[in-house]
Engineer: 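Before I ask anything, let me first share the structure, which is written out below as structure tokens.
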Amino acid sequence: MRELKTVLPYFRPYRAPMALGMFLVVLANAFTLVQPYLIKLPIDALTGPAGSDPDAIRGIVVTYAILIVAAAIAGGATRYWMREILNGLSRRIEVDLRNDFVRHLLRLGAGFYSANRTGDLMSLATNDTLAVRQAAGPAVMYTANTVISFVIGLAVMIHISPWLTLAALVPLVALPPLVTWFGKVIHVRFERIQEQFAALSTMVQENLSGVRIVRAYGQEDAQAAEFAALNQGYLQRNMHLAYASGAFHPIMGLLTGAGTVVVLWYGGGQVMAGRIGVGDFVAFSLYLSLLAWPMIALGWVVNLFQRGAASMARLNRIFTIEPEIAAPPAPHRPPGRAAAIEFRDVSFRYPGTDRLVLEDVSFTAEPGRTIAIVGPTASGKSTLVSLIARVYDPTAGDVLLGGVPLPAYDPADIRARIGFAPQDTFLFSARLGRNIALGLPPTAPYDVIKARVRVA
Ligand SMILES: Nc1ncnc2c1ncn2[C@@H]1O[C@H](COP(=O)(O)OP(=O)(O)OP(=O)(O)O)[C@@H](O)[C@H]1O
Ligand SMILES: [Mg+2]
């Protein structure tokens, strides 16, 4: 649950709608919880002396009927508005969170991407941000709703009959341990679903981007079978969760049902003994049934919070990873004119491997000179070039620009000065022109784009 604290800053821009939403929760509950009282009052009146006068009866019934309908309409409208505001707010938080997540991902370097699967990252950006939204929106809303309806409802119930209230609440002592236990079970099962979903999306992503390999080796059926197995596992884990959450509602229903039995039995006795009125008794039963839903919601809310916390923890694991290649606190100004690139005793091994791809490489590329690096396949030519753009930093030695080691510069400054035609091409799903003009503003003049095409 502690993980959810990191969501709090996301609420900050939405403090005003949040406050309005909370006010509407109170208002909606007031309108709902006044209704049993509006039923009790005419019953009290009818069972009193006015009950023998037909005109008075008609007047009372019509008046209260109008009041009850008005309260129901006002309550419904307020509740609608409350959901609009609080759920809308959580969607905006989800958008902000996902933007931050993608912005963070774009800052992370090649090392991060070789250690993390794309499918996992996609499931974080979709499934997990969604779970966080549900904790930030519906879960917060229903918690507030439960607390407020209990405060108002219990106050009125105690006002009607403290003893009856106490009796009706006895079966509810089983509630906290039950909710906690279900919460744990549901949490574990939900985690297993998320894991499976990540595996599933990784499989889809890898098969789509490697579709040519799959075809070339005639692996369509084998891959489809493997996918079907993963998918089946996903179904099973979902069913496993459904068993637990399916049992939860009826058990909560049983508890409230037990409360109702107590009220009928004990409250009925009280009415017969003349200690409480018929109106009180009716209102009391209605209050108890009105409190059933917020109580059931409580269990649901606990597990929304737990899912949200688990998802936020997964997101935070990524958020706390700092890019290994970042600007120093006081970056060196890049040289204004063409400057020499020098490799000084550079050795390099890819992270997570133990073979040196480059070993003690030294050379200087003077401005205006053309240099060709020649070597057999897999001798490290592309690797060497990628060290200039600081895709990676050397394991030993230095790469210098204008006599200054690259880490002293802001990598963005360096990269902005490098033209690079990679061996493996990659096209964004946009028109060719936009691919060529990558990095230029959308309004870049035509001849600038044309100049790029010529360079390419
Ligand atoms: N991301 C990576 N992680 C681990 N090893 C890598 C990675 N990229 C390349 N290598 C390894 O580093 C070595 C050098 O690769 P590199 O691509 O630099 O060679 P190259 O000289 O450009 O080859 P080619 O002529 O095929 O383009 C190879 O053994 C390759 O398998
Ligand atoms: Mg190469």
Side-chain angles (χ1 to χ4, degrees), residues 102 104-125 198-199 201-217 219 317-318 321-326 340-366 369-401 405-407 409 411-412 414-428 435-436 438-439 452-453 455-456:
V102 170
H104 182 72
L105 283 184
L106 291 175
R107 285 173 59 223
L108 294 174
F112 171 80
Y113 288 98
S114 55
N116 287 278
R117 300 184 303 175
T118 309
D120 291 351
L121 298 176
M122 308 237 297
S123 120
L124 280 169
S201 18
T202 296
M203 166 115 204
V204 170
Q205 185 266 328
E206 287 176 356
N207 268 285
L208 292 183
S209 52
V211 70
R212 284 189 210 140
I213 308 270
V214 173
R215 288 265 172 71
Y217 289 93
Q219 288 304 298
R317 267 206 298 278
I318 305 287
I321 298 176
E322 284 300 323
E324 56 267 54
I325 293 173
I341 294 174
E342 186 188 349
F343 273 57
R344 207 178 274 170
D345 305 323
V346 170
S347 296
F348 179 74
R349 90 162 53 87
Y350 277 97
T353 66
D354 42 38
R355 190 171 57 89
L356 283 178
V357 173
L358 301 173
E359 203 173 344
D360 289 333
V361 177
S362 298
F363 70 92
T364 304
E366 298 291 352
R369 300 241 326 259
T370 304
I371 294 213
I373 295 156
V374 185
T377 294
S379 56
K381 304 177 298 290
S382 300
T383 305
L384 187 147
V385 172
S386 70
L387 295 186
I388 301 175
R390 285 192 79 199
V391 176
Y392 293 100
D393 278 334
T395 314
D398 289 301
V399 181
L400 305 99
L401 175 68
L406 288 182
Y409 297 104
I414 303 290
R415 289 173 190 154
R417 283 170 170 73
I418 292 178
F420 189 81
Q423 184 172 5
D424 304 310
T425 51
F426 180 82
L427 286 177
F428 286 94
N435 269 288
I436 293 171
L438 182 71
R452 269 209 183 183
V453 175
V455 171

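Everything quoted here is computed from the prediction, not taken from an experiment. Just follow the structure's listing: the first ligand is 1, and inside any ligand the first atom is 1.
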Engineer: Taking both backbone and side-chain atoms of Thr353, is any N or O found less than 3.5 Å from an N or O belonging to ligand 1?
Structural biologist: no

Engineer: Regarding Ser382 and Gln423, do their side chains bring together a donor and an acceptor under 3.5 Å, going by distance alone?
Structural biologist: yes

Engineer: Assess the residue pair Ile318 and Phe112 against the criterion (side-chain contact (heavy atoms from CB on, under 4.5 Å)); give the C-alpha distance rounded to whole Å, side-chain angles, the decisive distance to 0.1 Å, and a yes or no.
Structural biologist: CA-CA 10 Å; Ile318 305 287; Phe112 171 80; 3.9 Å; yes

Engineer: Salt-bridged, Arg117 to Glu206, with N to O below 4.0 Å?
Structural biologist: no

Engineer: Which protein N, O or S atoms sit under 2.8 Å from the Mg ion (ligand 2)?
Structural biologist: Ser382 OG, Gln423 OE1

Engineer: What protein heavy atom lies closest to atom 15 (O) of ligand 1? Include the residue and the distance to one decimal.
Structural biologist: Thr383 OG1, 3.7 Å

Engineer: Taking only heavy atoms of Thr377 into account, list the atoms of ligand 1 that are under 4.0 Å away from them.
Structural biologist: 23 (O), 25 (O), 26 (O)

Engineer: Can a side-chain donor-acceptor contact be found between Thr383 and Tyr350 if the only test is distance below 3.5 angstrom?
Structural biologist: yes

Engineer: Check whether Thr395 reaches the backbone of Arg349 with its side chain - one donor and one acceptor, N or O, closer than 3.5 Å.
Structural biologist: yes

Engineer: Considering the heavy atoms of Ser382, write down every atom of ligand 1 situated less than 4.0 Å from one of them.
Structural biologist: 17 (O), 18 (O), 20 (P), 22 (O), 27 (O)

Engineer: Which heavy-atom pair separates Ile418 from Ala389 by the least distance, and what is that distance?
Structural biologist: CD1-CA, 3.8 Å

Engineer: Under 3.5 Å, side chain of Tyr409 to main-chain N/O of Leu401, donor-acceptor pair present?
Structural biologist: yes

Engineer: Have a look at Tyr392, Tyr350, Tyr113 and point out the one with the heavy atom closest to atom 6 (C) of ligand 1.
Structural biologist: Tyr350

Engineer: Nearest protein heavy-atom contact for atom 23 (O) of ligand 1: which residue, which atom, what distance?
Structural biologist: Ala378 N, 2.9 Å

Engineer: Under 4.0 Å, counting heavy atoms only: does Gly375 come that close to any atom of ligand 1?
Structural biologist: no

Engineer: Would you confirm whether Asn435, through its side chain, and Phe428, through its main-chain N or O, come within 3.5 Å as a donor-acceptor pair?
Structural biologist: yes

Engineer: So if I count the atoms of ligand 1 from 1 in the order they appear, which ones are less than 4.0 Å from some heavy atom of Gln423?
Structural biologist: 24 (P), 26 (O), 27 (O)

Engineer: Relative to the heavy atoms of Arg355, which atoms of ligand 1 are at a distance of less than 4.0 Å?
Structural biologist: 28 (C), 29 (O)

Engineer: Grab the two heavy atoms, one from Gly380 and one from Val357, that are nearest each other, plus how far apart they are.
Structural biologist: CA-CG1, 3.8 Å

Engineer: Can a non-hydrogen atom of Gly380 be found less than 4.0 Å from any atom of ligand 1?
Structural biologist: yes

Engineer: Show the nearest heavy-atom pair for residues Ser379 and Leu358, with the distance to one decimal.
Structural biologist: O-CD2, 4.4 Å

Engineer: At what distance is the nearest protein heavy atom to atom 25 (O) of ligand 1, and which residue and atom is it?
Structural biologist: Lys381 NZ, 2.7 Å

Engineer: Look at atom 12 (O) of ligand 1 and say whether a protein heavy atom is found at less than 4.0 angstrom from it.
Structural biologist: yes

Engineer: Can you find a pair of side-chain heavy atoms, one from Tyr113 and one from Thr118, that are under 4.5 Å apart?
Structural biologist: no

Engineer: For ligand 1, which atoms have a heavy atom of Val357 less than 4.0 angstrom away?
Structural biologist: 12 (O), 13 (C), 14 (C)

Engineer: Once ring pair (Phe, Tyr, Trp, His ring centres under 6.0 Å) is applied, do any residues pair with Phe363, and if so which ones, sequence neighbours excluded?
Structural biologist: Phe343

